[in-house]
J.: 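Mind looking over this structure? Questions follow.
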Amino acid sequence: RLPPPPAALAPLPPPPGPPARGSVSLHRAYLRSPLGLLRLGQLALGAAFWVTVAAHKYEGAAHFALFAAVLVWLLTLALFGLSLLGRWELVPWLGSRWLLTNLVHDLALGVGLYAAATGIMGHKAKQRSFCNLPGYSQHCLYSAYLSASICGGITACLYLFSGLYCLSRRCQDQRDII
């Protein structure tokens, strides 16, 4: 028979579970706010950009444009979802700085990467402008590249507007996104 284990070696009770959270509901005030509406436009036009590029043959720098658009789109979707559910406090370190997180996302990632992607697709459209002539019978990517470039430019402007909105709230010493 073995003696009972010392108190230091006794098994510890399991750690307490996460605190109970309230019910999940939509943050409707966010949906009606300028930032919520801008996010919807960014998601719609961003999806139009990368779907247009992905649906057609692409090569070279268009790979970067597609990567940049999808990356920013996915991050925007995450920001939108967390903001819509009012659950940004679940994001470690960034949740307490949600307005600043949105500001950096919009101005650095959104404007920067979409401006680069728009420039790439605009350059590719210019390179293919010869096939827009009447009577050209080969497959032409000009309209796809031009459409992607226009969607990207408008999307970059939407990110600029939402970044400026967050910046104005930050300058007014407001800490919330609404």
J.: Where do Met121 and Ala62 come nearest, in terms of heavy atoms and distance?
T.: SD-CB, 4.1 Å
J.: Could you state whether Val70 and Ile154 fall into the same hydrophobic cluster, counting links through intermediate Ile, Leu, Val, Met, Phe, Trp or Tyr residues with side-chain heavy atoms under 4.5 angstrom apart?
T.: no
J.: Group every Ile, Leu, Val, Met, Phe, Trp and Tyr by side-chain heavy-atom contacts under 4.5 Å, then state whether Leu31 and Trp98 land in the same group.
T.: yes
J.: Starting at CG of Leu158, measure out to CG of Leu37 and round the result to the nearest 0.5 Å.
T.: 11.0 Å
J.: Is there a donor-acceptor pair under 3.5 Å between the side chain of His56 and the backbone N or O of Val53?
T.: no
J.: Is there a side-chain contact between Gln127 and Tyr145, using heavy atoms and a 4.5 Å cut-off?
T.: no
J.: How many angstroms lie between OG in Ser162 and NE2 in His105, if you round to the nearest 0.5 Å?
T.: 8.0 Å
J.: Is there a continuous path of hydrophobic side-chain contacts, each under 4.5 Å between heavy atoms, that joins Leu66 to Leu146?
T.: no
J.: Tell me whether Arg97 contacts the main-chain N or O of Trp93 through its side chain, where contact means a donor paired with an acceptor under 3.5 Å.
T.: yes
J.: Without swapping roles, check the side chain of Arg169 against the backbone of Asp176 for a donor-acceptor pair under 3.5 Å.
T.: yes
J.: Side chain to side chain contact (heavy atoms under 4.5 Å, CB included) between Tyr142 and Phe130: does it pass, once the steps are laid out?
T.: CA-CA 8 Å; Tyr142 172 77; Phe130 66 88; over 6 Å; no
J.: Indicate, with yes or no, if Leu99 and Leu109 share a hydrophobic cluster defined by side-chain heavy-atom contacts under 4.5 Å among Ile, Leu, Val, Met, Phe, Trp and Tyr.
T.: yes
J.: Specify the closest pair of heavy atoms between Ala65 and Ile120, including all atoms of both residues, with the distance to one decimal.
T.: CB-CG2, 4.2 Å
J.: Please walk me through it: do Leu75 and Leu79 pass side chain to side chain contact (heavy atoms under 4.5 Å, CB included)?
T.: CA-CA 6 Å; Leu75 290 173; Leu79 287 177; 5.7 Å; no
J.: Which atoms form the tightest heavy-atom contact between Leu107 and Gly163, and what is the distance?
T.: CD2-CA, 3.8 Å
J.: Can you confirm whether Phe49 sits close enough to Tyr114 that some side-chain heavy atom of one is under 4.5 Å from a side-chain heavy atom of the other?
T.: yes
J.: To the nearest 0.5 Å, tell me how far Ser168 OG sits from Leu103 CG.
T.: 9.5 Å
J.: Just wondering, do Ile177 and Trp88 contact through their side chains at under 4.5 Å, heavy atoms?
T.: yes
J.: I need the minimum non-hydrogen distance between Cys151 and Ala48, along with the two atoms involved.
T.: SG-CB, 3.9 Å
J.: Working to the nearest 0.5 angstrom, can you tell me the gap between Leu43 CG and Leu38 CG?
T.: 11.0 Å
J.: Do Asp106 and Leu164 have side chains that get closer than 4.5 Å, going by heavy atoms?
T.: no
J.: Would you compute the distance between atom CG of Leu167 and atom CG of Leu100 and round it to the nearest 0.5 angstrom?
T.: 10.0 Å
J.: When you check the side-chain N and O atoms of Asn102 and Arg170, is any donor under 3.5 Å from an acceptor?
T.: no
J.: Is it the case that atom CZ in Phe161 sees more than 12 heavy atoms from other parts of the structure closer than 6.0 Å?
T.: no
J.: Measure up the Phe80 and Tyr30 rings against each other and bin them: parallel (under 30°), tilted (30 to 60°), perpendicular (over 60°).
T.: tilted
J.: Quick one: do Val51 and Leu141 end up in the same hydrophobic cluster if we chain Ile, Leu, Val, Met, Phe, Trp and Tyr together by side-chain heavy atoms under 4.5 Å apart?
T.: yes
J.: With no hydrogens and no angle check, do the side chains of His27 and Ser83 hold a donor and an acceptor under 3.5 Å apart?
T.: no
J.: Kindly indicate whether the side chain of Leu35, heavy atoms from C-beta on, has any atom under 4.5 Å from the side chain of Ile178.
T.: no
J.: I'd like to check Tyr159 versus Val72 (side-chain heavy atoms, cut-off strictly below 4.5 Å). Are they in contact?
T.: yes
J.: Could you tell me which non-hydrogen atom of Ser147 sits nearest to which non-hydrogen atom of Thr52, and how far apart they are?
T.: CB-CG2, 4.3 Å
J.: Cut-off 3.5 Å, side chains only: do Arg39 and Gln42 have a donor facing an acceptor?
T.: yes
J.: Starting at CD1 of Ile150, measure out to CG of Leu45 and round the result to the nearest 0.5 Å.
T.: 11.5 Å
